[in-house]
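Notes follow once the structure below has been shown.
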Amino acid sequence: MATTRTANAHWEGPLLSGQGTVSLDSSKLGTYDVTWASRSEEPGGRTSPEELIAAAHSTCYSMALSHGLAGAGTPPEKVDTKAEVTFQPGEGITGVHLTVRASVPGISAADFEKAAEAAKAGCPVSKALAGTTITLDAALV
């Protein structure tokens, strides 16, 4: 059964001096400020599309890896994933780097690496970001 999630953006003014908000409507978790400066310079207490993509990718990847490991008979105790989305003004999103550290009893480093790569390829957010380079640093802890 398909699900749909909704967020809304509101923007006022020109790109460089304007400002806006993004609301997470499905979850009702909040409304967050966004500006060009928060996207292209320092966040200054505001978010950016790239930070929201990083949140989605790190979460999706962790879920995909956990599922793959459990399906192989080696469920993880924990999976911690950081996603770093790089934005270059004038070019756009130029890459995503995932760093994952996981505690997985009974798995070899080689099998973990295979599972980590499979999760990178199979995660729905990775698939949605197929037009950009996605790199991975995966290790057991």
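None of these values were measured; they are calculated from a predicted model.
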Take Val22 and Leu52, measure what side-chain contact (heavy atoms from CB on, under 4.5 Å) needs, and give me the verdict at the end. CA-CA 10 Å; Val22 60; Leu52 297 170; 4.0 Å; yes
Do [X] and [Y] touch side chain to side chain, with heavy atoms closer than 4.5 Å?
| X | Y | value |
| --- | --- | --- |
| Ile134 | Leu98 | yes |
| Pro89 | Trp36 | yes |
| Pro14 | Leu16 | no |

Considering all heavy atoms, the nearest [X]-[Y] contact:
| X | Y | value |
| --- | --- | --- |
| Thr47 | Ser38 | O-OG, 2.8 Å |
| Ala109 | Leu140 | CA-CD1, 4.0 Å |
| Ala70 | Pro76 | N-CD, 4.5 Å |
| Val34 | Ser48 | CG2-CA, 4.0 Å |
| Lys78 | Val141 | CE-CG2, 4.0 Å |
| Val85 | Ile93 | CG1-CG2, 3.8 Å |

Counting only heavy atoms not in Gln19, do more than 12 fall under 6.0 Å of its CD?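 No, the 6.0 Å shell around CD holds no more than 12 heavy atoms from other groups.
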Could you tell me whether His67 atom NE2 has more than 12 heavy atoms of other residues or ligands within 6.0 Å of it?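 No, NE2 of His67 has 12 or fewer neighbouring heavy atoms, counting only those of other groups under 6.0 Å.
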Check this for me: does any side-chain nitrogen of one of Asp137 and Arg101 sit under 4.0 Å from a carboxylate oxygen of the other? yes
So does Glu117 pair up with Lys120, basic N to acidic O under 4.0 Å?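 So Glu117 pairs with Lys120 through a salt bridge.
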If hydrophobic clusters are built from ILVMFWY residues whose side chains come within less than 4.5 Å, do Tyr61 and Met63 share one?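 Different clusters: Tyr61 never reaches Met63 through Ile, Leu, Val, Met, Phe, Trp or Tyr contacts under 4.5 Å.
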Connected via hydrophobic side-chain network under 4.5 Å: Leu136 and Phe112: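 Same cluster: Leu136 reaches Phe112 through Ile, Leu, Val, Met, Phe, Trp or Tyr contacts under 4.5 Å.
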Roughly how far apart are [X] [atom1] and [Y] [atom2], rounded to 0.5 Å?
| X | Y | atom1 | atom2 | answer |
| --- | --- | --- | --- | --- |
| Glu51 | Tyr32 | CD | OH | 10.0 Å |
| Ser58 | Ile53 | OG | CD1 | 12.0 Å |
| Leu24 | Thr6 | CG | OG1 | 10.5 Å |
| Asn8 | Ser26 | CG | OG | 9.0 Å |
| Leu69 | Glu77 | CG | CD | 12.0 Å |

Between the side chains of Thr21 and His10, does any donor sit under 3.5 Å from an acceptor? no
Test item: side-chain donor near acceptor, Ser62 and Thr81, under 3.5 Å: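 There is such a pair (donor and acceptor under 3.5 Å, judged by atom type) between the side chains of Ser62 and Thr81.
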Taking only residues two or more places apart in sequence, or in another chain, which ones meet Glu42 in a side chain to side chain contact (heavy atoms under 4.5 Å, CB included)? none
Output yes when a side-chain donor or acceptor of Thr133 lies under 3.5 Å from a complementary backbone atom of Gly95, and no otherwise.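 Checking the backbone N and O of Gly95 against the side chain of Thr133, no donor-acceptor pair under 3.5 Å is found.
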